[in-house]
J.: 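I'd like to ask some things about the structure below.
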There are 2 protein chains.
Amino acid sequence: MNKNNTTTDKHRSSAAITLDNVAKIAGVSAITVSRAINTPDKVAPETLKKVREAIDKTGYVPNLLAGGLASRSSKLIAAIVPSIANLVYSSTIRLFSKSLSKAGYQVILGDSGYPEVLEEELVRTILSRRPDGIFLTGVDHSPSCRNLLLAANIPIVETWDLTPSPLDIVVGFNHMDVGHAVAKFILSKKYNKVGFVTANDARALLRQRSTLEILSQSGVSDIYATTVPAPTSLEYGRIGAKQIIEEGFDSGVIFCTSDTLAQGVLAEIQSRNISIPDTIAVIGFGDQVFAAHTYPALTTVRIDRERIGQEAADALLARIQKRPVKNKIIDIGFSIIEREST
Amino acid sequence: MNKNNTTTDKHRSSAAITLDNVAKIAGVSAITVSRAINTPDKVAPETLKKVREAIDKTGYVPNLLAGGLASRSSKLIAAIVPSIANLVYSSTIRLFSKSLSKAGYQVILGDSGYPEVLEEELVRTILSRRPDGIFLTGVDHSPSCRNLLLAANIPIVETWDLTPSPLDIVVGFNHMDVGHAVAKFILSKKYNKVGFVTANDARALLRQRSTLEILSQSGVSDIYATTVPAPTSLEYGRIGAKQIIEEGFDSGVIFCTSDTLAQGVLAEIQSRNISIPDTIAVIGFGDQVFAAHTYPALTTVRIDRERIGQEAADALLARIQKRPVKNKIIDIGFSIIEREST
DNA sequence: CACAGAAATGACAGCGCTGTCACAGCACCA
DNA sequence: TGGTGCTGTGACAGCGCTGTCATTTCTGTG
């Protein structure tokens, strides 16, 4: 309330504490305070002590807007995800943030899940903060976005998918391979009919299509499929299951493109008093934390979401610190986890 | 690749496009470009057109670090939440971000859910970005945090709880009232035994305690309670239910401090082939999107999480724009939604 | 037709920090 | 004893933008 304004000089009001104030109090120059904060090993121990005391006394909080402008490094990493309210992405982002914060970077999130906001607009907004790197979900971007992104001249990591020609680095897995693997799993179990509850999302649809591909090659033709809106929810899982059951699906296996959908499918089946997995089996996707604990426990495709975040952070840091990046294409793979629902 | 660097003047490399570049191309001064971007109605239509063309041609993206430094307004709002991977908070944050982005503000998230990171440290980091306002979850902050926050001299909104003495503004509901209301609901249903699966979190514990208070006043003494770690998960719901059932709880109602826990409780009960709600009834908390669609549909306490985000954004904007704030304490209330699980 | 007042534009300084270069002081070795 | 190289510190300019005030041009009115 009162210990501000050492110099009531200017017409601008309520002077916040600046580097200069701290420097004056510590009896050193501003640049020394800067070094004491950012590269303390380049400052003599006694000087450091004086500076630290001055900082404590004043309650100085550095201004990273100014720092970023001067150093041309904002210490900000942008991440664009389809929805922060989707657990699928949040566990990845959580590890991503955590790894980066250890290195002194902060993550700023952009939510691309609002159809009314153009992706390009979002990217512009984000880039105006001058992030030192950017995390993207997916590998499909509009040409204008690609241009913006490339012009920004910062490290980029695309995630959740794979492409032979990433903008910079890509960390993900092959959705077609997932589809094929699930198809083989289904075939090995000799289910007579196969149902699909698929979210209306490019990657989910690809997984479904590639499952179907192998299935029809192998002569499995009793297929019941429905597409539900993205993002997935338990409700849409129930609706999807209801649909295919009413179309005549009465036994076999249902492959859902997310564990959340699968959870809804389980509920719908149970509400009809149909036994799982004896009459209808269910396969999810993602291996969310809850998948192992539903009743019955869910057979699903495990994706190491945390690892995506970790690898993305590592790759970005390597690029930023101009260390060599071993691999521009990082495939984290997947595995089928068999539990009680099949 | 080539249309950069109009002036290869300095030793600094790879010149990005700046306001000055755009101004030169448009044949106006830098400040006019600034106005064309920020206050277009103060610029003549023809000038605006010229400037817009120059911006399009160059692909100029404003630098908000510089802008924020000069204008002393970062257009950034900080939000501190226990975990971005928790849907309870993410739906609030989503609406909060959305409302603010319409007004030209961006939200930067801080995750306070890592016990190894001190809250004070988090707040410092966030404040170093010079946000124009801050969103806090909960009303309990360490004294050092309060000081930091107050010294920042920016609008603050605390959420998810109520207090007679907010730092600035508070948007939430009364957890004790929730407990009382649930107790009355339980009494009205005449359950003989009451179980609690409670997350180890201050607000959840308060809800449980206040439920218990009314219950014991009314002579209900057959109580089975267990506390599970926060954040809540389906798994802990199952574990909690298992515990109280093994302690002898065989009929009545279980009140869970989150819908996620309740979902786990449902699963555990079903896995034991106990009928819901005839033998054991279940009450959740939060009314998450899935609550209406579980099997059986979950009776729960509805909290309008989106409204918390909306009101918080509105209040913050009012403060920032120096409009009067009608109410510093905003109680959004709650309601009990009765479904099939009771 | 002169002049007040609004509308449109520009010049300039400075927001708070850091990169760069310069320099003082000191230990060490031939 | 002089030079070499290191450590610690400071002066200075400038990052890219906007607040402020000054200036010019364009209305409309009596």
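Chain letters run A, B, ... following the sequence lines, proteins first and then strands; every chain starts at 1. Bear in mind the structure is a predicted one, so any value in this text is a computation, not a measurement.
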J.: Would you kindly give the CG-to-P distance between B:D20 and D:dG14, to the nearest whole Å?
T.: 14 Å
J.: Going by the rule side-chain contact (heavy atoms from CB on, under 4.5 Å), which residues pair with A:E306 if we only count those two or more places apart in sequence or in a different chain?
T.: A:S91, A:L95, A:D304
J.: Starting from the 5' end of DNA chain D, give me the residue, B:A66 or A:T47, whose nearest nucleotide shows up first.
T.: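 Mapping each residue to its closest nucleotide by heavy atoms, the 5'-most match is A:T47.
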J.: Can you pull out every ring-ring contact (aromatic ring centres under 6.0 Å, His included) where at least one residue sits in residues 115-149 of chain A? Sequence neighbours excluded, please.
T.: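 As it turns out, the ring-ring contact (aromatic ring centres under 6.0 Å, His included) pairs with a partner in residues 115-149 of chain A, which skip direct neighbours, are A:F96-A:F135.
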J.: Could you walk me through whether A:T125 and A:S128 pass side-chain hydrogen bond (donor to acceptor under 3.5 Å, both in side chains), step by step?
T.: CA-CA 5 Å; A:T125 308; A:S128 67; 5.8 Å; no
J.: What is the separation between atom CG on A:N21 and atom C1' on C:dC15, rounded to the nearest whole Å?
T.: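 Value for this atom pair: 14 Å.
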J.: Please list, pair by pair, any protein nitrogen or oxygen found under 3.5 Å from a nitrogen or oxygen in nucleotides 10-12 of chain C.
T.:
residue	atom	partner	partner atom	Å
C:dG10	OP2	B:S29	N	2.9
C:dG10	OP2	B:S29	OG	2.9
C:dG10	OP2	B:T32	OG1	2.5
C:dG10	O5'	B:S29	OG	3.4
C:dG10	N7	B:R35	NH2	2.7

J.: Which ring-ring contact (aromatic ring centres under 6.0 Å, His included) pairs, counting each pair once, include a residue from residues 40-81 of chain B, with sequence neighbours left out?
T.: none
J.: If a pair satisfies side chain to side chain donor-acceptor pair (under 3.5 Å) and one of its residues is in residues 100-113 of chain B, list it, with sequence neighbours excluded.
T.: A:R94-B:D111
J.: Find the distance A:L69:CG to C:dC17:P and express it as a whole number of Å.
T.: 12 Å
J.: How sharply is the helix from C:dC1-D:dG30 to C:dA30-D:dT1 bent, taking the axes over five pairs at either end and rounding to 10 degrees?
T.: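 The two end axes of the helix from C:dC1-D:dG30 to C:dA30-D:dT1 meet at 40°.
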J.: Test your reading of the model: is there a side-chain donor-acceptor pair from A:T92 to the backbone of A:R305, 3.5 Å cut-off?
T.: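 Yes; at least one donor-acceptor contact below 3.5 Å.
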J.: Taking side-chain contact (heavy atoms from CB on, under 4.5 Å) as the definition, give me every residue that meets it alongside A:T39, ordered by chain and number, with sequence neighbours left out.
T.: A:R35, A:D41, A:K42
J.: Is B:R72 near enough to C:dG16 that one of its side-chain N or O atoms lies under 4.0 angstrom from OP1 or OP2?
T.: yes
J.: Please list, chain by chain and in numerical order, all residues satisfying side-chain hydrogen bond (donor to acceptor under 3.5 Å, both in side chains) with A:E46, sequence neighbours excluded.
T.: none
J.: What salt bridge (charged side-chain N to carboxylate O under 4.0 Å, His left out) pairs are there with at least one residue in residues 124-139 of chain A, not counting sequence neighbours?
T.: A:E120-A:R124
J.: Among residues 37-46 of chain B, which ones have heavy-atom contacts with DNA chain D below 4.0 Å?
T.: B:N38
J.: To the nearest Å, give me how far apart CG (B:L19) and P (D:dC15) are.
T.: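 Atom-to-atom, B:L19 to D:dC15, this comes out as 13 Å.
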J.: Not counting sequence neighbours, which residues clear salt bridge (Lys or Arg N to Asp or Glu O under 4.0 Å) with B:E53? List them please.
T.: B:K49
J.: Rounded to the Å, how far apart are A:I55 CD1 and C:dC17 C1'?
T.: 14 Å
J.: Taking only side-chain N and O atoms of A:Y60, does any of them lie within less than 4.0 angstrom of OP1 or OP2 on C:dG16?
T.: no
J.: Whole-Å distance between C:dG14 C1' and A:L65 CG?
T.: 15 Å
J.: Send over the distance from A:K49 NZ to D:dG8 P, rounded to a whole Å.
T.: 17 Å
J.: Could I get the full list of side-chain contact (heavy atoms from CB on, under 4.5 Å) partners for B:N147, not counting sequence neighbours?
T.: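 B:N147: no side-chain contact (heavy atoms from CB on, under 4.5 Å) contacts found.
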J.: Starting from P on C:dG16, measure out to CZ on B:R130 and report it in whole angstrom.
T.: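 Distance, rounded to whole Å: 9 Å.
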